[in-house]
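Heads up: the structure comes next, in structure tokens.
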4 protein chains.
Amino acid sequence: MPAISPQRMRDRYDAILAAATRVFAENGYSTASITDIARAADISDGLIYKYFENKRDLLETVLERFYERIIADLEPKIAKGRTFADRLYVLISEHLHVFIADRDLCRLFISEVRTASDYRGSAIQQLNRRYTSILLKIVDQGIADGEVVAGMDPRLVRDMLFGAIEHTSWRHINGSKPVDVPRVARAMTDVLVNGLALRGRRKRT
Amino acid sequence: MPAISPQRMRDRYDAILAAATRVFAENGYSTASITDIARAADISDGLIYKYFENKRDLLETVLERFYERIIADLEPKIAKGRTFADRLYVLISEHLHVFIADRDLCRLFISEVRTASDYRGSAIQQLNRRYTSILLKIVDQGIADGEVVAGMDPRLVRDMLFGAIEHTSWRHINGSKPVDVPRVARAMTDVLVNGLALRGRRKRT
Amino acid sequence: MPAISPQRMRDRYDAILAAATRVFAENGYSTASITDIARAADISDGLIYKYFENKRDLLETVLERFYERIIADLEPKIAKGRTFADRLYVLISEHLHVFIADRDLCRLFISEVRTASDYRGSAIQQLNRRYTSILLKIVDQGIADGEVVAGMDPRLVRDMLFGAIEHTSWRHINGSKPVDVPRVARAMTDVLVNGLALRGRRKRT
Amino acid sequence: MPAISPQRMRDRYDAILAAATRVFAENGYSTASITDIARAADISDGLIYKYFENKRDLLETVLERFYERIIADLEPKIAKGRTFADRLYVLISEHLHVFIADRDLCRLFISEVRTASDYRGSAIQQLNRRYTSILLKIVDQGIADGEVVAGMDPRLVRDMLFGAIEHTSWRHINGSKPVDVPRVARAMTDVLVNGLALRGRRKRT
DNA sequence: AATGAATGAGTTTTCATTCAT
DNA sequence: AATGAATGAAAACTCATTCAT
């Protein structure tokens with residue numbers, strides 16, 4: 001017979017997570033303090049430690065949630081694409097969308113987690129792998145279907161694509177004009193598929 | 001009338017900066033302490049504040065110097081490229097080279113440059129612009145020379161390219177295998193120039 | 001009108017005390033937490049405060065119980081001794097036995113009983129008196145029976161004996177080799193009765 | 001060219017140590033706070049960490065100093081004793097003296113250090129060994145000189161003696177009357193040398 | 001000019017105790 | 001009666017920054 005309902009516990013948990021998401025995203029991990037988060041969640045500092053082991057755990061949970069959410073959103077949409085270019089377009093436009101909607105969280109991920117020394121082997125890396133494997137599969141299938149140059153290294157494509165998206169959304173963060181997602185996604189897909197060269201299919205450099 | 005010669009002041013300034021670069025790169029900005037830096041520069045903590053306003057200022061100067069170094073290294077080399085693809089290859093391989101040569105500094109750059117740059121105006125943002133303008137010019141010239149599809153947005157290319165390079169560097173930092181710079185630079189150039197599609201130059205999507 | 005039977009209340013009280021004894025003994029007073037004790041007693045944190053005033057009260061009760069147990073065990077056994085030396089031997093060996101049987105509790109006792117006892121009046125101090133009075137009586141009877149030097153201060157004997165026992169127990173706790181209780185008790189009795197000197201009963205110093 | 005003189009640093013160090021000695025002795029290790037100590041030494045909390053690594057280090061230094069002081073006082077005095085009983089008397093009376101003068105420190109030692117899990121092998125244990133070895137040597141020499149029963153275990157004597165002294169001084173702490181050191185030391189020596197029995201040198205039990 | 005001792009606000013984290021449920 | 005969520009004060013420790021020397 002719990003003193004408060006499981007629902008209320010769940011709400012608290014979510015409230016803390018939401019507060020942490022906001023505070024971390026706005027100030028960065030090390031600048032944000034537990035007190036800030038507690039205040040944002042309208043609870044005491046101590047209570048956070050009833051729900052999370054420590055500050056780091058809180059950060060990781062925030063990012064895991066984020067990843068889970070975007071993966072869940074993305075996977076079904078990718079499946080609908082017919083051709084390699086279609087699937088690529090969906091991936092790019094969805095990914096861009098997320099990055100732009102949650103720019104602060106993305107920045108948090110880039111600046112605090114990827115660089116952490118304990119990143120390798122972490123739950124976050126697992127999620128990251130799962131996420132990027134979506135693209136690797138698209139490329140593999142593109143090769144299998146004869147739509148993509150054989151021998152293309154999917155990891156190269158992954159780096160180019162995710163790097164490109166990150167940079168574009170970052171420009172959005174610091175820039176004045178909002179990004180026209182469909183237009184940019186279209187253009188990015190086109191460059192990746194057809195290249196920059198006026199006459200494609202010359203001998204490969 | 002300074003009690004220390006301007007030259008010696010200059011040397012000191014450089015020594016502090018070199019120490020800060022090393023210490024920040026090794027430990028990250030918030031983990032590194034002023035005392036660490038002072039010790040590395042073989043001076044007292046207090047003296048740092050005669051040369052720099054505060055810790056943040058020190059970080060920004062470190063990052064500015066790094067940018068300046070990259071730019072200075074790169075500009076003359078680019079000029080030598082004959083074709084669009086040549087110039088692109090030089091840019092990619094040089095940039096990759098710099099990032100990979102100093103993984104610690106590269107990690108610092110990735111994790112701090114964004115936060116540092118929206119802190120006031122800022123000098124970093126300007127350097128970033130100057131750096132990326134090198135690429136913008138390459139693309140513009142490629143269009144002018146008829147080597148690149150007309151109407152291509154150079155900023156898109158910029159985002160794709162620098163994002164790709166950054167991601168690749170990051171893979172290098174966190175990955176197990178070292179990156180084979182010439183091979184990756186070659187492949188990246190190729191994808192950008194010719195695209196992923198088996199048959200290039202089909203109608204643009 | 002209690003909603004819980006007095007018997008069940010009593011059981012609960014004992015269960016809490018048993019849990020506290022174990023937890024305090026294992027971790028020490030200040031390291032142990034109320035939550036640890038509650039968990040060990042399989043009840044909630046809050047309920048402890050229905051039975052005990054606070055953490056300190058709990059410690060004191062634990063120590064009191066331990067004292068009571070030692071005394072209850074000891075008194076009947078002492079009565080059996082025929083001579084002064086016999087009774088002394090029984091006291092020493094029983095006391096050593098108790099301390100060594102539960103090294104954790106013994107450690108707790110040594111490190112906390114003094115602090116606990118000058119905290120108010122106190123019950124512990126009274127128990128201590130009662131306990132040591134057992135020995136005082138033995139000495140008094142020894143004098144009365146002509147077995148012990150007349151004029152010997154029983155409090156001196158008390159201090160020497162209990163100090164010796166405590167120190168020996170401590171050596172047991174921290175030492176590598178277990179203490180051979182009968183042998184040590186025998187030797188200690190012998191020294192107390194006959195002294196260290198090769199030729200006893202010379203003129204008293 | 002230090003900003004403050006070495007003398008002042010030394011004074012500060014000593015002041016912190018003196019404050020810590022007092023605060024630890026009065027309140028016990030875990031009850032005492034760094035803030036208490038800092039306040040007692042009339043400095044800021046942070047400065048303590050410039051002189052000592054952490055709270056534990058401070059405690060250990062306090063106790064090491066104490067030990068060093070009493071050992072330095074004791075050793076020359078012991079040397080003057082002619083017979084076993086003389087030397088024993090000196091040891092007892094000096095030791096009692098110290099315990100009574102620094103009762104709080106002794107209690108601190110008993111309750112906080114001896115019971116610590118990292119006691120074995122520590123610097124404090126070394127000092128403790130050195131201190132008790134003084135007595136061990138006295139006993140060994142007593143045996144060699146034919147003054148002490150052969151086969152007597154010096155460690156037994158050590159435990160009895162130090163335990164006795166500890167207990168006696170503890171009685172002083174809690175008791176009302178001051179201890180008459182020469183009288184008690186005399187009596188304790190006598191018991192140890194000649195035993196409690198009216199007729200010594202009966203067959204050993 | 002140069003030092004580094006000193007500060008003190010700030011950090012994360014723990015936990016005895018209370019009280020709404 | 002019993003719970004355990006919630007509190008909030010306190011803990012040890014860190015460190016950018018200042019300033020007397």
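Sequence lines set the chain letters: A, B, ... in the order given, protein chains first and strands last, and positions in each chain run from 1.
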Considering only heavy side-chain atoms of C:I34, the closest of E:dT7, E:dT17, F:dC13 is E:dT17
To the nearest 0.5 Å, atom CD of C:E64 lies from atom OH of C:Y67 at 11.0 Å
Ranking E:dT3, E:dA5, E:dT14 by distance to the side chain of A:Y49, first place goes to E:dT14
Whole-Å distance, A:R8 CZ to F:dA5 P, equals 11 Å
Reckon A:S33 touches a base, only the sugar-phosphate, or nothing at all at heavy-atom distances under 4.0 Å? sugar-phosphate
Checking N1-N3 plus N6-O4 or O6-N4 for Watson-Crick, or N1-O2 and O6-N3 for wobble, each under 3.5 Å, the partner of E:dA1 is none
Re E:dT17: Watson-Crick or G-U wobble partner, both distances kept under 3.5 Å, found to be F:dA6
Practice problem: Give D:R56 one of three labels, base, sugar-phosphate or nothing, depending on what nucleic acid heavy atoms sit under 4.0 Å from its own. | Solution: nothing
Per nearest nucleotide of DNA chain E, the residue lying toward the 5' end, A:G46 or B:Y51, is B:Y51
Are D:R12 and E:dA6 close enough that a side-chain N or O sits under 4.0 Å from OP1 or OP2? yes
- Message: Students often get this wrong, so: under 4.0 angstrom with heavy atoms, is B:K55 touching a base, only sugar-phosphate, or nothing?
- Response: sugar-phosphate
Taking the six-membered ring for Trp, are A:F109 and A:F66 ring centroids under 6.0 Å apart?
no
Closer than 4.0 angstrom, basic N to acidic O: yes or no for B:R8 and B:D11? no
Whole-Å distance, A:N27 CG to E:dG10 P, equals 15 Å
Whole-Å distance, D:D45 CG to E:dA5 C1', equals 16 Å
OG1 of D:T21 to CD1 of D:I16, rounded to nearest 0.5 Å, is 11.5 Å
Rounded to whole Å, CG of A:D42 lies from C1' of F:dG8 at a distance of 15 Å
Rounded to whole Å, the CG-P distance (B:L47 to F:dT21) equals 20 Å
Which of F:dC13, E:dT7, E:dT13 is nearest the side chain of D:N54? It is F:dC13
B:L58 CG to F:dT17 C1', in whole Å, measures 13 Å
By nearest-heavy-atom nucleotide on DNA chain E, the more 5' of A:D36 and C:E53 is A:D36
Basic-acidic side-chain contact under 4.0 Å: C:D102, C:R107:
no
Regarding the side chain of D:K50, the nearest nucleotide among F:dA16, F:dA6, E:dT3 is F:dA16
Taken to the nearest whole Å, OH/D:Y29 to C1'/F:dA11 is 11 Å
In whole angstroms, the gap separating P of E:dA16 from CD1 of C:I37 amounts to 8 Å
Would you say C:S44 places a side-chain N or O within less than 4.0 Å of OP1 or OP2 belonging to F:dT3? yes
Query raised in the report: Which part of the nucleic acid does B:A32 contact within heavy-atom distance under 4.0 Å: base, sugar-phosphate only, or nothing?
Result: sugar-phosphate
(Q) Using a heavy-atom cut-off of 4.0 Å across all strands, would you classify B:R39 as base, sugar-phosphate, or nothing? (A) nothing
To the nearest 0.5 Å, atom CZ of C:R22 lies from atom CG of C:L17 at 12.0 Å
